[in-house]
Amino acid sequence: MKDLIRGADIVVRSLIAEQAELIFGYPGGAIMPVYDALYDYHDQIKHVLTRHEQGAIHAAQGYARVSGKVGVCLATSGPGATNLITGLADAQIDSTPLVCITGQVAAHLLGTDAFQETDVVGISMPGTKWNIQVRRVEDIAPAIAKGFYIARSGRPGPVLIDITKNAQVDFGEFNYVPCQGFRSYKTHHPIEKTAIQQAAELINQAERPYLLFGQGVVLGNAETELKFFLDKSGIPAASTLLGSGALSQDHPNYVGKLGMHGNYAPNLLTNQCDVLIAVGMRFDDRVTGDLKRYAKQAKVIHLELDPSEINKNVKTAVAVQGNCKESLSMLTEAILAKKHDSWMAKFRELEEQERAAVVQHDITPTKEGLTMGEVIHQINQYKADDAVLVTDVGQHQMIAWRYFNYKKPRTQVTSGGLGTMGFALPAALGAQLFDYSRQVICVVGDGGIQMTIQELGTIKQTKAPVKIVLLNNNYLGMVRQWQQMFFDKRYSFTELDNPDFIMLAEAYGIKAQKVSERGDLQEAIEDMLIHDGPYFLEVVVEKEDNVFPMIATGCSVEEVRLS
């Protein structure tokens, strides 16, 4: 008979068996037995104490997005568990693999409104790929094994495992068996050769084919396959927000970014292509605009792993279900080698129009005040090719995305589908802790940073060398832009009376600098990027600068505005 150990030790040993190397969390009463067990395994698994549970889950997201591994976080019951909900919903919509373990009151107290009792399983159900409550010690290891398998397999997503306190303190055998699959859950979909042939025929006959790629390329590790397909096909290709980095922006077929604040040509010409190939993307409303007027002239080919996304928003002529790493490779073999020079020239012509109308203003401005675009443009001059950009949500997010030069996979970390303010600072921490030697640049606004600014304390304690760039316009900038354009400049509760951010950063022992003059910007960015340790750079930017191009809500992609 095997030795009996506490359920809490089974939790930790199960995490080690899954090769979890880093946990983010915050202790409390209902999860305390697990924290007590962690004390004995500090040489096998590391734990990072964040300053808030939301910080823990966003840090786990940042870690997962850069590493490709499953992010892990711990929280206690009640408010500790409910503080994870925003991160769970964020990870669910952005397909980020997480395993979150929460403590729960003892099984005999469930349903009694005990101290810090909350039905976190019920609350989190819509925002998780799978969740479960474990009430017996013998069920802990199987639940964790299943949770890791579900989180990382197929289309990744977040899992929550709620473990009652009695299960943590009771004794049981440790017999960990990794999950290899189970009935009713299918992760591998054999590619239908007929679908590949049909797609290849459409592509070979097309005069104006166009490819859109999303995060599914990154999640499927299909970056090389995408490049080979484009090299052979000669097809113009544009990226979604989360697809950025899947293809180097230096690639000759790359034509820009899609969406509400994407580039002019990629949006406008969506409604002029004759075949539209979507790879690992879900036709989000920020990409499509008005669906009734989206690519109606085109025959749509959709390469997608998740069957629920096929024909959900945009009807397809050919659906190729399966991992795009496999389907792209098969499609590359089936198509003819071609060039589409005249079609590509249309993209380049419109690109020049955008450059003259928008880009020149953003990166070489004539205004006295600094612009967000010129800050990102200067960062590009000094950053490493594999530098990771982590952004919060708002104007700075769109500007940073537009002007950051993505060259490598897994260099884009942002909150896409949910649009979570406060995401960036802890996510950058998680990304940095995966690899201390890698450049992680966190670009935030003065609104979002104050939602999780306490994580400066975690950065201080871990000495994570995150480079934080605060673009400060003393406004909730994106909301203000909409108020200016669509609400008659009625700036209702969007102006911010901010603290002295430099004093705050320095209070946490983080080297900090504030720049408001153009002549000081270049040297400040150089100083930041060569500094050995965390750095906080506040850049005061124009208060009423707007992000263009823009597709207003309810408009067609061909109604994209340059001003």
Side-chain angles (χ1 to χ4, degrees), residues 58-59 61-62 65-66 241-242 244-245 249 257 261 362-363 370-384 386-408 410-416 419-432 438-453 455-456 459 464-478 481 496 498 501-502 505 510 512-516 521-522 524-529 531 534-542 545 547:
H58 290 332
Q61 286 177 271
R65 293 271 283 274
V66 171
L241 174 64
L242 295 185
S244 300
Q249 292 185 184
K257 301 172 175 71
H261 291 291
D362 283 348
I363 67 173
L370 289 163
T371 67
M372 294 177 283
E374 67 180 305
V375 178
I376 306 303
H377 181 64
Q378 284 291 337
I379 288 172
N380 277 333
Q381 311 309 308
Y382 302 100
K383 74 174 183 69
D386 67 345
V388 177
L389 173 69
V390 186
T391 55
D392 214 81
V393 173
Q395 284 184 316
H396 72 276
Q397 175 191 34
M398 294 292 98
I399 287 288
W401 173 52
R402 281 178 51 78
Y403 294 113
F404 193 83
N405 190 1
Y406 298 95
K407 292 187 177 182
K408 301 287 185 180
R410 296 193 179 275
T411 53
Q412 160 75 323
V413 180
T414 196
S415 173
T420 304
M421 290 178 69
F423 172 88
L425 193 62
L429 167 71
Q432 187 72 81
R438 196 168 178 186
Q439 228 175 46
V440 175
I441 302 168
C442 174
V443 178
V444 289
D446 48 311
I449 194 172
Q450 293 185 80
M451 292 190 174
T452 51
I453 199 166
E455 298 310 327
L456 289 174
I459 291 172
V466 180
K467 312 308 181 193
I468 304 157
V469 181
L470 168 62
L471 300 181
N472 186 359
N473 58 11
N474 292 104
Y475 266 112
L476 300 177
M478 188 62 83
Q481 177 170 338
L496 295 170
N498 286 319
F501 288 109
I502 301 303
I510 297 172
Q513 183 178 359
K514 183 175 182 177
V515 171
S516 57
L521 180 62
Q522 179 180 331
I525 288 172
E526 286 187 84
D527 289 345
M528 174 185 72
L529 292 179
H531 179 69
Y535 198 102
F536 191 105
L537 176 62
E538 178 185 0
V539 183
V540 179
V541 296
E542 284 280 342
D545 210 12
V547 187

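- Arg438 places no side-chain N or O within donor-acceptor distance of the main-chain N or O of Val388, the cut-off being under 3.5 Å.
- Here the shortest heavy-atom pairing between Ser516 and Val540 reads CB-CB, 4.0 Å.
- Taking 4.5 Å as the limit, every side-chain heavy atom of Leu471 sits out of range of all side-chain heavy atoms of Gln395.
- Counting only heavy atoms from C-beta outward, the side chains of Phe536 and Ile449 approach each other to under 4.5 Å.
- Looking at Glu374 and His377, their side chains never bring a donor and an acceptor atom within 3.5 Å of each other.
- Here the straight-line distance linking atom CG of Leu425 with atom CG of Asp392 works out to 8.5 Å at 0.5 Å rounding.
- If you take CD on Gln378 and CD on Glu526, they are separated by 8.5 Å, rounding to the nearest 0.5 Å.
- No side-chain donor-acceptor contact under 3.5 Å links Lys514 to the backbone of Phe501.
- For the pair Arg410 (side chain) and Arg65 (backbone), a donor-acceptor distance under 3.5 Å is present.
- The heavy-atom pair separating Leu241 from Gly416 by the smallest distance is CD2-CA, 4.0 Å.
- A cation-pi arrangement is absent between Lys257 and Tyr406 under the rule of less than 6.0 angstrom and at most 45 degrees off the ring axis.
- Defined by atom type and a distance below 3.5 Å, a donor-acceptor pair is missing between the side-chain atoms of Thr414 and Trp401.
- Residues Leu456 and Ile468 are in side-chain contact: their nearest non-hydrogen atoms beyond the backbone lie under 4.5 Å apart.
- Between the side chain of Gln439 and the main chain of Lys467, no donor-acceptor pair closer than 3.5 Å is present.
- To the nearest 0.5 Å, atoms NE2 (His396) and CG (Asn472) are separated by 12.0 Å.
- Between the CD1 atom of Ile525 and the CG atom of Asn380 there is a distance of 9.5 Å, given to the nearest 0.5 Å.
- Val390 approaches Ala427 most closely through the heavy-atom pair CG1-CB, 3.9 Å.
- Residues Met421 and Met478 fail the side-chain proximity criterion, which asks for heavy atoms closer than 4.5 Å.
- Of the inter-residue distances, the one linking Asn473 atom CG with Thr371 atom OG1 reads 12.0 Å to the nearest 0.5 angstrom.
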Using side chain to side chain contact (heavy atoms under 4.5 Å, CB included), reason through Tyr535 and Gln513 one step at a time and then give a plain yes or no. CA-CA 8 Å; Tyr535 198 102; Gln513 183 178 359; 2.8 Å; yes

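- With hydrogens and angles left out, the side-chain atoms of Gln522 and Tyr382 include a donor and acceptor closer than 3.5 Å.
- At least one donor-acceptor pair closer than 3.5 Å links the side chain of Asp446 to the backbone N or O of Asn474.
- Here the closest non-hydrogen pair linking Leu476 and Leu496 is CD2-CD1, 3.9 Å.
- A donor-acceptor pair shorter than 3.5 Å can be found between the side chains of Asn498 and Gln450.
- What you find for Thr391 and Gln397 is that their closest heavy atoms are OG1-CG, 3.7 Å.
- Distance check, rounded to the nearest 0.5 Å: CG of Leu529 to CD1 of Ile441 gives 5.0 Å.
- Scanning both residues, Ser415 and Thr420, for their nearest heavy atoms gives OG-N, 2.8 Å.
- Annotation: side chain of Tyr475 is not in contact with side chain of Gln481 (no heavy-atom distance under 4.5 Å).
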